[in-house]
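Below you'll find the structure, written out as structure tokens, and then a few comments.
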Amino acid sequence: MSDEEHHFESKADAGASKTYPQQAGTIRKNGYIVIKARPCKVVEVSTSKTGKHGHAKCHFVAIDIFNGKKLEDIVPSSHNCDVPHVTRTDYQLIDISEDGFVSLLTENGNTKDDLKLPTDDALLTQIKDGFAEGKDLVVSVMCSMGEEQICALKDIGPK
């Protein structure tokens, strides 16, 4: 063995998977599922009986958590589906730039400047109006499969 030092390049990603497998028959309403490579929230599940030669099938109706599009999928209930890891984090709003990006304060005191304002008009006007009035706003950011988006807003009082 030599006494040479070994240098390893560190990657930003820890190699964690963006999804995990779950049996289709165990996924319920209000759970999450990946349909057409998009993370979705399940709004309706119906299970058909087994046929003469086949499996029972689960029919999922789900809504994309980022763009609100309705997606459907039919999967045999014994097969595995991909379920996305979905996290929600609260950040305090510091600033809104002219180009539509927000500046957020993380829990450890750093700023996060890579998020755009939401496309949902009601939420967008709430954020802009609240910020213009000088309120202390906390935004909830939903993160899944490498995408992040502001999904909710809380008013914690005046500055």
Side-chain angles (χ1 to χ4, degrees), residues 4-45 58 60-73 75 77 79-159:
E4 293 175 22
E5 286 186 36
H6 295 284
H7 294 286
F8 297 100
E9 287 185 36
S10 64
K11 301 260 191 295
D13 190 13
S17 176
K18 293 178 172 129
T19 62
Y20 60 95
Q22 186 174 342
Q23 193 171 341
T26 63
I27 297 173
R28 299 278 167 247
K29 187 176 174 179
N30 293 330
Y32 294 101
I33 188 171
V34 176
I35 299 176
K36 295 182 180 143
R38 301 289 304 156
C40 302
K41 184 171 185 140
V42 178
V43 291
E44 190 182 321
V45 182
C58 293
F60 295 105
V61 178
I63 298 201
D64 189 312
I65 60 176
F66 293 122
N67 63 24
K69 285 199 175 106
K70 187 175 177 183
L71 297 165
E72 296 187 42
D73 200 7
V75 185
S77 63
H79 288 202
N80 280 347
C81 290
D82 283 334
V83 177
H85 290 285
V86 179
T87 57
R88 279 178 86 132
T89 317
D90 288 347
Y91 298 106
Q92 188 167 345
L93 181 66
I94 303 171
D95 192 23
I96 300 175
S97 65
E98 288 88 38
D99 57 357
F101 281 87
V102 291
S103 185
L104 304 172
L105 184 67
T106 62
E107 281 183 10
N108 58 12
N110 295 334
T111 57
K112 180 175 177 59
D113 303 308
D114 58 349
L115 269 175
K116 277 192 155 220
L117 281 165
T119 50
D120 176 31
D121 288 332
L123 188 59
L124 180 65
T125 51
Q126 276 185 310
I127 291 172
K128 283 188 169 174
D129 293 349
F131 184 73
E133 290 168 23
K135 292 181 181 170
D136 256 349
L137 300 176
V138 172
V139 293
S140 291
V141 175
M142 195 177 295
C143 178
S144 178
M145 296 178 70
E147 280 188 64
E148 290 181 311
Q149 186 177 338
I150 296 171
C151 61
L153 173 71
K154 280 184 265 187
D155 182 4
I156 57 171
K159 281 188 179 171

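One finds no salt bridge joining D90 and R88 here, because no Lys/Arg side-chain nitrogen approaches an Asp/Glu carboxylate oxygen to under 4.0 Å. A salt bridge does not link K70 with E44: every distance from a Lys NZ or Arg NE/NH1/NH2 to an Asp or Glu carboxylate oxygen is 4.0 Å or more.
Each of D64, D73, D82 was checked for a salt bridge (charged side-chain N to carboxylate O under 4.0 Å, His left out) with R38, and the lone residue meeting it is D64.
Here CE of M142 is found 9.0 Å from OG1 of T87. Values are rounded to the nearest 0.5 Å. Once rounded to the nearest 0.5 Å, the distance linking NZ of K112 with OG1 of T106 reads 9.0 Å. A distance of 10.0 Å separates OG of S103 from CD1 of I96, quoted to the nearest 0.5 Å. The CD atom of E148 lies 7.5 Å from the OG1 atom of T89; values are rounded to the nearest 0.5 Å. A distance of 6.5 Å separates SG of C143 from CZ of F66, quoted to the nearest 0.5 Å. To the nearest 0.5 Å, atoms CG (L105) and CD1 (I94) are separated by 4.5 Å.
The closest side-chain heavy-atom distance from D114 to F101 is not below 4.5 Å.
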Less than 3.5 Å apart, which donor and acceptor atoms pair up between the side chains of residues 26-36 and the rest of the protein, not counting sequence neighbours?
| unit_1 | atom_1 | unit_2 | atom_2 | d |
| --- | --- | --- | --- | --- |
| T26 | OG1 | Q22 | NE2 | 3.1 |
| T26 | OG1 | Q23 | O | 2.7 |
| R28 | NH1 | G25 | O | 3.3 |
| R28 | NH2 | G25 | O | 3.2 |

**Study point:** Worked verdict on F60 versus C40 for side chain to side chain contact (heavy atoms under 4.5 Å, CB included)
**Key:** CA-CA 10 Å; F60 295 105; C40 302; over 6 Å; no
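With hydrogens and angles ignored, the 3.5 Å screen pairs no side-chain donor or acceptor of T111 with any backbone N or O of L104.
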